[in-house]
Amino acid sequence: MNTEELTSNQQSPEDQEKQELLQKRGEIPRHIAVIMDGNGRWAKSRGSVRIAGHKAGVDSVKDITEACGQLGVGYLTLYAFSTENWGRPKGEISALMKLLVQSLRNETRKLNENDIKLSSIGEIDRLPPTCRRELEDAIALTADNKRMELCLALSYSGRWDICQAVNRISKKVRDGVICPDDIDDETIKKHLSTAHIPDPDLIVRTSGEFRLSNFLLWQSAYSEIYITDTYWPDFRRDELYEAIKAYQSRERRFGKVLSHFELEEPSVAIR
Ligand code: IPE
Ligand code: IPE
Ligand code: MG
């Protein structure tokens, strides 16, 4: 579906039916996180410049955000710019930052119409001032929305997140607020930039790369991972539904044993 053709509250009957089937089929992930990759290769395959791929990727962001909101996903985290992406050519970085400003300007109203709250994780201080201002404004303007939280990972990396958590915990230890012996999973979770967000149930990566590229390293411990060859600018809601179907057919064991396995092997001798 082309998002340009429909306004926020007009969903095609076919799409509504697909979403209802998905909801009946099984659990909708509470938190979906996406590594939006392949913009450059998408552009190259069309004989175009990389930035054309980034521009085309914005339409996928709009479609996936809208579809997740309609489906009842609680949190959608989008990996938009990594710490390592600062190492790209200056021209590409400034084009990406401009695109971010434009998108925030154009889309905040729609986020409000759809009751979607915007948030961000990452080293926001490194973003150019206009970008930061636009982001902070959009976050403030959507702060009371309840339907879904759209979290943009900007200047983000999993290692940065763990380092900043360790720094903050160390300061609290120094100030006597935390006792070193009490530091556990929960302490670390509370100091990560995602403290208020549940761990992702499903991580989607587009463009066929089998890696996390420094995304949500701590938080992805038990995430289900779905990788597709589709480049991000071609990834639209129908493929999101495929990813959710795959998620619904997984068996999440979290390191435990399912009861029917125990029943199948009642007398395994322990030597
Ligand atoms: C993802 O697409 C967008 C960002 C990382 C900002 P890429 O720009 O990485 O595109 P490819 O992977 O080179 O095709
Ligand atoms: C991951 O994509 C980062 C984002 C999608 C923002 P990259 O293109 O930067 O990752 P690598 O270089 O393929 O690992
Ligand atoms: Mg890439």
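First listed ligand is number 1; within each ligand, the first listed atom is number 1. Just the heavy atoms: all of them, side chains too, but no hydrogens, waters or symmetry mates, feed the values below. In this chain, residues are counted from 1 in sequence order.
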What residue and atom, counting heavy atoms only, is the protein's closest point to atom 9 (O) of ligand 2, and at what distance? N85 ND2, 3.0 Å

May I ask you to check whether N39 has an N/O atom sitting below 3.5 Å from an N/O atom of ligand 1? yes

Return a yes/no value for R50: is any of its N or O atoms, backbone included, closer than 3.5 angstrom to an N or O of ligand 1? yes

Which residue owns the protein heavy atom closest to atom 11 (P) of ligand 2, what's the atom, and how far is it? S213 OG, 3.6 Å

Presence of N, O or S from E209 under 2.8 Å of the Mg ion (ligand 3): no

So the atoms of ligand 2 within less than 4.0 Å of a heavy atom of F81 turn out to be 6 (C)

For atom 5 (C) of ligand 2, what's the nearest protein heavy atom and its distance? M36 O, 3.4 Å

R88 N/O to ligand 2 N/O under 3.5 Å: yes

Ignoring angles and geometry beyond distance, decide whether L96 reaches within less than 3.5 Å of ligand 1 through its nitrogen or oxygen atoms. no

Do any nitrogen or oxygen atoms of R211 lie less than 3.5 angstrom from nitrogen or oxygen atoms of ligand 2? yes

Could you measure the distance from the CZ atom of R50 to the CG atom of N39? Nearest 0.5 Å is fine. 8.0 Å

Give yes if a backbone or side-chain nitrogen or oxygen of S82 is under 3.5 Å from a nitrogen or oxygen of ligand 2, and no if not. no

